Novice: 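Input: one structure, supplied below.
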Amino acid sequence: MTVQTLIQAVEKAESANALLDAVSALAEANSIESIPTLINVLGYNNPGAAVAAVDGLTQLGEPAVIPLLEQLDGYNYGARAWAVRALSGIGDPRGLEVLLESAGSDFALSVRRAAARGLGMIQWDKLPPEQIPDAQFKTLMILQKTSQDPEWIVRYAGVFGLQGLAIALHETQPEWFAKIKEQLEYIVNNDETTSVRARAKWAIQELE
């Protein structure tokens, strides 16, 4: 079956289940031709299809980054959350500014959550070396902010982000690495949610 045929199946799907099956098949094709259609699916009111589209976009990786950035929807929070989730999974630093902004100030908790997690998955070696310290410092500042988010699920994702950043900083920025461990210790001792405290404790153990 050609990619064009798979795309047409998505466009013509008449039920939620048919859409999910069509998007899953299109994602499995792993073709850059599918990127615009997969991005369109993020705006449909079909979480299952959106998950399949995110998986497909994440698998495609770098070629999907610019199309995702160009089509971010500032009004459809569901679509934006899925797009941020895809950018997070890809980890390309071209999406860093969107993730920083989204984690720090987006209205939707689902967007803040996805972005905070994504900040722990940035592939820093794809940035020019001279840009890395400033970008990592900005990321640290935003992740410290997410650790105080009113929604526990965002704080939980922020801990994931802090752990990922700490791994990247371990050898290059030992002072910042130490600050992250201090932040995680604070979360362990002060966060009101058991799950967040437990996740922070596990992060500390992994960083030892």
Side-chain angles (χ1 to χ4, degrees), residues 47 50-52 54-55 57-59 61-62 65 80-106 108-208:
V51 168
V54 167
D55 289 345
L57 292 164
T58 302
Q59 182 175 325
E62 291 185 12
V65 173
R80 183 175 177 85
W82 292 117
V84 168
R85 184 167 168 177
L87 289 169
S88 297
I90 295 169
D92 191 296
R94 287 175 295 177
L96 180 59
E97 290 301 320
V98 167
L99 296 183
L100 289 170
E101 178 184 355
S102 299
S105 60
D106 200 278
L109 73 89
S110 56
V111 176
R112 299 198 305 278
R113 173 194 183 186
R117 182 177 176 83
L119 289 174
M121 302 170 68
I122 295 294
Q123 299 171 30
W124 297 107
D125 59 342
K126 292 184 178 179
L127 270 179
E130 67 275 11
Q131 295 181 17
I132 294 175
D134 183 58
Q136 290 180 332
F137 181 74
K138 290 180 179 178
T139 301
L140 175 57
M141 294 299 99
I142 291 296
L143 286 172
Q144 287 182 329
K145 182 178 180 180
T146 65
S147 71
Q148 301 172 26
D149 194 279
E151 299 290 344
W152 76 268
I153 197 69
V154 178
R155 301 197 302 277
Y156 188 99
V159 171
F160 178 96
L162 284 168
Q163 180 183 346
L165 180 61
I167 293 171
L169 294 175
H170 185 224
E171 295 184 1
T172 59
Q173 300 286 354
E175 291 184 5
W176 295 356
F177 177 83
K179 285 184 179 295
I180 291 177
K181 289 192 71 175
E182 289 175 6
Q183 182 73 31
L184 292 171
E185 291 281 6
Y186 181 85
I187 293 169
V188 169
N189 293 321
N190 293 279
D191 196 275
E192 63 185 28
T193 303
T194 302
S195 298
V196 178
R197 295 197 303 271
R199 184 62 180 82
K201 186 174 182 179
W202 185 81
I204 293 169
Q205 293 171 348
E206 290 293 301
L207 296 173
E208 293 294 345

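These numbers come from a predicted model, not from an experiment. Each residue takes its place number in the sequence, starting with 1.
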Novice: Name the one of L184, V188, N189, V196 that satisfies side-chain contact (heavy atoms from CB on, under 4.5 Å) with K201?
Specialist: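 Testing each of L184, V188, N189, V196 against K201, the sole residue satisfying side-chain contact (heavy atoms from CB on, under 4.5 Å) is V188.
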Novice: Locate the shortest heavy-atom distance separating T58 from I90; write the atom from each residue and the value.
Specialist: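 Taking T58 first and I90 second, the nearest heavy atoms are CA-CG1, 3.8 Å.
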Novice: Would you check if there is a donor-acceptor pair between the side chains of R85 and S88 at a distance under 3.5 Å?
Specialist: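 Distance-only check fails for S88 and R85.
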Novice: About how many Å separate CG of L165 and CZ of F160, when rounded to the nearest 0.5 Å?
Specialist: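 The CZ atom of F160 sits 12.0 Å away from the CG atom of L165.
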Novice: Check the pair I122, T139 against side chain to side chain contact (heavy atoms under 4.5 Å, CB included), reporting the backbone distance first and the verdict last.
Specialist: CA-CA 10 Å; I122 295 294; T139 301; 5.8 Å; no
Novice: Check whether E151 reaches the backbone of A108 with its side chain - one donor and one acceptor, N or O, closer than 3.5 Å.
Specialist: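 No.
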Novice: Using only atom types and a distance under 3.5 Å, with no angle test, would you say the side chain of T146 pairs donor to acceptor with the backbone of L143?
Specialist: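 At least one qualifying donor-acceptor pair exists.
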Novice: How long is the span from the CD atom in E62 to the CG atom in D92, to the nearest 0.5 Å?
Specialist: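 With rounding to 0.5 Å, CD (E62) is 5.0 Å from CG (D92).
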Novice: Going by distance alone, is a donor N or O of one side chain under 3.5 Å from an acceptor N or O of the other, for R80 and S102?
Specialist: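 The answer is yes; a qualifying pair exists.
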Novice: Within the side chain of R197, is there an N or O that forms a donor-acceptor pair under 3.5 Å with the backbone of D191?
Specialist: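 Yes, R197 side chain to D191 backbone: donor-acceptor pair under 3.5 Å.
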Novice: Give, for atom CG of L162 and atom CZ of R155, the distance between the pair rounded to the nearest 0.5 Å.
Specialist: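 Rounded to the nearest 0.5 Å, the CG-CZ separation comes out at 13.0 Å.
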Novice: Regarding D134 and K138, does a basic nitrogen lie under 4.0 Å from an acidic carboxylate oxygen?
Specialist: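 Answer for the salt bridge query: yes.
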Novice: Do you know the tightest heavy-atom contact between A81 and A114?
Specialist: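 Smallest heavy-atom distance, with atoms named: O-CB, 4.2 Å.
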Novice: How long is the gap from OH on Y186 to CD on Q144, to the nearest 0.5 Å?
Specialist: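 Going from the OH atom of Y186 to the CD atom of Q144 covers 12.0 Å.
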Novice: Would you call K181 and E208 a salt bridge, taking side-chain N to carboxylate O under 4.0 Å as the test?
Specialist: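 Yes.
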Novice: Hey, could you give me the CH2/CG distance between W82 and L57, rounded to the nearest 0.5 Å?
Specialist: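 Between atom CH2 of W82 and atom CG of L57 there are 12.0 Å.
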Novice: Work out which heavy atom in G104 is nearest to a heavy atom in K145; give both atom names and the distance.
Specialist: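 Shortest heavy-atom separation between G104 and K145 comes out as O-NZ, 2.8 Å.
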Novice: Step through the shown structure and confirm whether more than 12 heavy atoms of other residues, nucleotides or ligands are within 6.0 Å of CD on E175.
Specialist: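 No, the 6.0 Å shell around CD holds no more than 12 heavy atoms from other groups.
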Novice: Please give me the minimum heavy-atom distance between S195 and W152, naming the atom from each residue.
Specialist: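 Smallest heavy-atom distance, with atoms named: CB-CZ3, 4.0 Å.
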Novice: Rounded to the nearest 0.5 Å, what separation is found between the CE atom of M121 and the CG atom of L99?
Specialist: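 Rounded to the nearest 0.5 Å, the CE-CG separation comes to 10.5 Å.
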Novice: Side chains of Q173 and F137: closer than 4.5 Å at any heavy-atom pair?
Specialist: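 Heavy-atom side-chain distance check fails, nothing below 4.5 Å.
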Novice: If every non-hydrogen atom of A166 is compared with every non-hydrogen atom of F177, which pair is closest and at what distance?
Specialist: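 The answer is O-CD1, 3.2 Å.
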Novice: What are the two closest heavy atoms between Q183 and S147, and how far apart are they?
Specialist: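 Result for this residue pair: NE2-OG, 2.8 Å.
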